[in-house]
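Each residue takes its place number in the sequence, starting with 1.
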Amino acid sequence: MSQDSKPGTPNTPKLEVTQHTFEEESLWETELEAMRKVLENKLNKLFDETDTNNDGVIDLEEFRQSLIEHYKERKSKGELSAKDLSKVEKKAMKLLAKFDTNADQKLSREEFQEYLRTKIAQDDSEDSWMEYFNNKFFQ
């Protein structure tokens with residue numbers, strides 16, 4: 001019997017613990033911060049594109065127009081029927097209610113970005129608005 005094994009005790013492999021150096025952790029934190037800045041810049045750009053009158057908030061009409069653009073891109077002809085427009089109206093109201101945490105019928109930059117950050121974290125790719133956002137976001 002070897003010195004390492006004793007009767008009645010199983011041989012357990014030794015685990016090697018790898019310690020990250022300060023430089024590796026610092027590099028990882030730097031890369032993470034750079035990714036956060038890229039996300040923040042893209043969210044700001046999308047907000048600014050949607051806030052067409054540049055008043056610092058997205059109102060229902062601006063939000064609706066953004067959704068109309070999305071649905072036109074999905075249609076091969078680029079035109080929307082009255083039925084399609086009705087769907088867009090309903091979708092705009094529903095989404096605005098989800099985004100609009102203070103219920104003022106407008107989206108502040110913070111409300112807009114917080115909602116999209118949450119959706120990104122959830123990877124909610126089934127939502128066609130998120131599909132549209134992703135297409136614009138990753139251009």
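N102 and D100 get closest at one heavy-atom pair: OD1-OD1, 2.8 Å. Residues D55 and V57 come closest through the heavy atom pair OD1-O, 2.8 Å. F112 and L107 get closest at one heavy-atom pair: CD1-CD1, 4.2 Å.
Using a cut-off of 4.0 Å between Lys/Arg side-chain N and Asp/Glu carboxylate O, E40 and R117 are scored as salt-bridged.
Looking at residues two or more places apart in sequence or on another chain, you find a side-chain contact (heavy atoms from CB on, under 4.5 Å) between D84 and K75, L80, S81. Listed by chain and residue number, S108 satisfy the side-chain contact (heavy atoms from CB on, under 4.5 Å) test with E110 (two or more places apart in sequence, or in another chain). S26 meets the side-chain hydrogen bond (donor to acceptor under 3.5 Å, both in side chains) test with no other residue; sequence neighbours excluded.
The distance from the CD1 atom of I58 to the CG atom of D48 is 8.5 Å, given to the nearest 0.5 Å. The CD atom of E114 lies 8.5 Å from the OG1 atom of T101; values are rounded to the nearest 0.5 Å. Atom CG of L96 is separated from atom CD of E111 by 8.5 Å, given to the nearest 0.5 angstrom.
E62 places a side-chain N or O within donor-acceptor distance of the main-chain N or O of D59, the cut-off being under 3.5 Å.
By the rule that hydrophobic residues join a cluster once side-chain heavy atoms approach within less than 4.5 Å of another member, M35 and W28 end up as members of one cluster.
A side-chain contact (heavy atoms from CB on, under 4.5 Å) with K87 is found for exactly one of E89, K90, K83, K91, namely K83.
Here the side chains of N44 and Q113 are in contact, with some heavy-atom distance below 4.5 Å. By the 4.5 Å heavy-atom criterion applied to side chains, E33 and K37 are counted as neighbours. In this structure, L67 and L95 have side chains that are in contact, with non-hydrogen atoms separated by less than 4.5 Å. Between F99 and L116, some side-chain heavy-atom pair lies under the 4.5 Å cut-off.
A donor-acceptor pair shorter than 3.5 Å cannot be found between the side chains of E69 and Q65.
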